[in-house]
Amino acid sequence: MLLGSGAMIVSNFVNTVFRLGMIALLARVYAREEFGVWVAITSMTAVLVTSDFGIGNALRNKLAWLAAKGEKGNDDAREYFLSVLYCFLLAAIVLSIGVVIGGRFVPLQMLFRTSNVVLRLAGAEILTVAQVIFLLGIPLGLGPVMFFAYQETNWSAAFGVAYGLSGAVVVFGLALIGQSIVSTAIGYFLAGLVVTTIGTVVFLIRRRWNPLRVTPRLILPRVWGLLSLGLRFAAIQVSGAFIYNAATLVTSATIGVGDAAEYNLVQKLYTFAIGLYLGLYNPLWSAYADAAHRDDWNWCERTLKRTLVLTAVIFGGFAVFVTMFGNSLLKVMAGGQYISQRLLFALLGLWALCHILWSCVMAFLTAVERINMMAILTVICAGLFVPIGGILGKRLGIVGIAVASVVVLAPLAILGHITAFRVVRRARLRPRIRETMEGCGKA
């Protein structure tokens, strides 16, 4: 566990450095509106990458359970993995054809508000190709994620680094030789698809699974069985990713791609810190699950309280620092052309605080499998963001988008805390009720 946790921390840190380098280059090489198209596209694809109906998490849980059952479990695990792979590969091909055909009739260029018609069309072209790549990436990229099920986190971390490195190399190469933003973006997404596909091949080799050994008639029943749990994961994944990334998309569509670039850069100062912190925090997931199985809910409560207080202090202090010195940090990251108002730094600091506290609570609720209520609430909040963001964005500009982000996420963080501690209290009462009933029975 320590090896895997350490590997993931290193992977997250290295990928953060790669992303910072890419942003520093792209913000300087391309014009403000071209960079705005880039951040809008990457925000959209960050949502697309979670759109696997939760099947990835459900399959990982299933493989982890089967891994302890010896040879029979290994055979069943192979069947489940290949069933999901082939079923979703077929679905991805069919949906990709639909995306290419439908892209001719859906005005995707409306997502990129700019007077530059060529740039709007370029954005639509990138988005169409990106959707196809990410649809194919759902089945072809299963392998790197499934290493977690076999406690081979170091392999997943290695492919995470390879993913970041390949994207950075392609972006640096294409941008420096003067390629258009279309070529650079498509090259970046293709590089990621190649790496994750190689990861799946390596996963199959390490398991010594023959990719042709699968029972066709059982493919759909197996996948259907995983979907019942997967859809609950999907609600959290997609809605959470949408809330996390939708602000840039709403800004691009309602205000302009240039303002989307500014908003996204300010947000990036916080999102990089969130990514690094969650890399350190994620190992607590397994600790919560272990404590819950042992009915050690007092430990869960103490740890949850301590981590939430520590997280609030760390990110509260970080938000104050960024608010004070944000423009200096922007100058280092993207050059002198991006200057923003202090109010935006402060509001996004509050957004980051709400998001990290919500993420900490969700790690606990996911570990103890109490996500039904939060799945519903997350979907509702995600649905409210677009109308609220659109209204406030038109009235207040990018500051209005930031206000909308806080308005939507703050209640979710608060309700998540209430739900988490209610779960602890109820779980702690069960042994007492059981003991009381057993005592009454003996009497």
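Annotation for Leu136 and Leu193: closest pair C-CD1, 4.2 Å, computed over non-hydrogen atoms. Of all heavy-atom pairs between Ser83 and Val214, the closest is OG-CG2, 3.9 Å. Shown here for Ile388 and Ala404, the closest heavy-atom pair between the two residues is CG2-CB, 3.7 Å. Taking each heavy atom of Leu220 and Cys87 in turn, the nearest pair found is CD2-SG, 4.1 Å. Residues Leu269 and Gly326 come closest through the heavy atom pair CD1-O, 4.1 Å. Of all heavy-atom pairs spanning Ser405 and Tyr263, the tightest one is OG-OH, 3.3 Å.
Side-chain contact between Phe364 and Thr303 is absent, with no heavy-atom pair separated by less than 4.5 Å. In this structure, the side chains of Asn327 and Phe345 come closer than 4.5 Å at one or more pairs of heavy atoms. Proximity of Val129 to Phe189: side-chain heavy atoms (C-beta onward) are nowhere separated by under 4.5 Å. The shortest distance between side-chain heavy atoms of Met374 and Leu412 falls below 4.5 Å. Side chains of Leu190 and Ile186 form a contact here, defined as non-hydrogen atoms less than 4.5 Å apart. Using a 4.5 Å heavy-atom threshold, the side chains of Phe88 and Val84 count as touching. Residues Leu308 and Cys360 form a side-chain contact, since some pair of their non-hydrogen atoms from C-beta on lies under 4.5 Å apart. Residues Tyr86 and Pro139 are not in side-chain contact: their nearest non-hydrogen atoms beyond the backbone lie 4.5 Å or more apart.
Looking only at distances, no side-chain donor or acceptor of Thr196 sits under 3.5 Å from a matching main-chain atom of Gly141. Between the side chain of Ser156 and the backbone N or O of Pro144, at least one donor-acceptor pair lies under 3.5 Å. Of the possible donor and acceptor atoms, one in the side chain of Glu79 sits under 3.5 Å from a partner among the backbone N and O of Thr215. Side-chain atoms of Thr254 never come within 3.5 Å of backbone atoms of Gly393 as a donor-acceptor pair (strictly under, hydrogens ignored). In terms of modelled atom types and a separation under 3.5 Å, the side chain of Asp259 and the main chain of Ile398 share no donor-acceptor contact. Using modelled atom types, one side-chain atom of Arg78 and one backbone atom of Arg213 make a donor-acceptor pair closer than 3.5 Å.
Distance check, rounded to the nearest 0.5 Å: OG1 of Thr271 to CZ of Arg19 gives 7.5 Å. Taking CG from Leu25 and CG from Leu20, the interatomic distance works out to 12.5 Å, rounded to the nearest 0.5 Å. Considering NZ of Lys268 and CG of Leu348, their distance stands at 11.5 Å, rounded to 0.5 Å. Put simply, CG on Leu377 and OG1 on Thr419 are 6.5 Å apart, with the number rounded to the nearest 0.5 Å. Summarising the geometry, atom CD1 belonging to Ile219 is positioned 8.5 Å from atom CG belonging to Leu82; distances are rounded to the nearest 0.5 Å. The structure places CD1 of Ile126 at 10.5 Å from CD1 of Ile133, a figure rounded to the nearest 0.5 Å.
Judged as a ring pair (Phe, Tyr, Trp, His ring centres under 6.0 Å), the pairs with a partner in residues 300-332 (not counting sequence neighbours) are, in order, Tyr270-Phe318, Tyr277-Phe315, Phe321-Phe325.
Looking at residues two or more places apart in sequence or on another chain, you find no salt bridge (charged side-chain N to carboxylate O under 4.0 Å, His left out) involving Arg422.
For the residue pair Asn264/Thr248, the side-chain donor-acceptor check at 3.5 Å is satisfied.
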So Phe81 and Arg207, side chain to side chain contact (heavy atoms under 4.5 Å, CB included) or not? Walk me through it.
-> CA-CA 11 Å; Phe81 180 85; Arg207 303 276 78 76; over 6 Å; no

Does the pair Lys305 and Val309 meet the rule for a side chain to side chain contact (heavy atoms under 4.5 Å, CB included), with working shown?
-> CA-CA 6 Å; Lys305 286 181 178 179; Val309 171; 5.5 Å; no

Pair Phe147-Arg206, side chain to side chain contact (heavy atoms under 4.5 Å, CB included): steps then yes or no | CA-CA 10 Å; Phe147 281 119; Arg206 285 190 59 80; 3.9 Å; yes

List the steps and the verdict of side chain to side chain contact (heavy atoms under 4.5 Å, CB included) for Val202 and Phe159.
-> CA-CA 10 Å; Val202 171; Phe159 279 103; 3.7 Å; yes

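Between Trp209 and Phe203, the gap from one ring centroid to the other is short of 6.0 Å.
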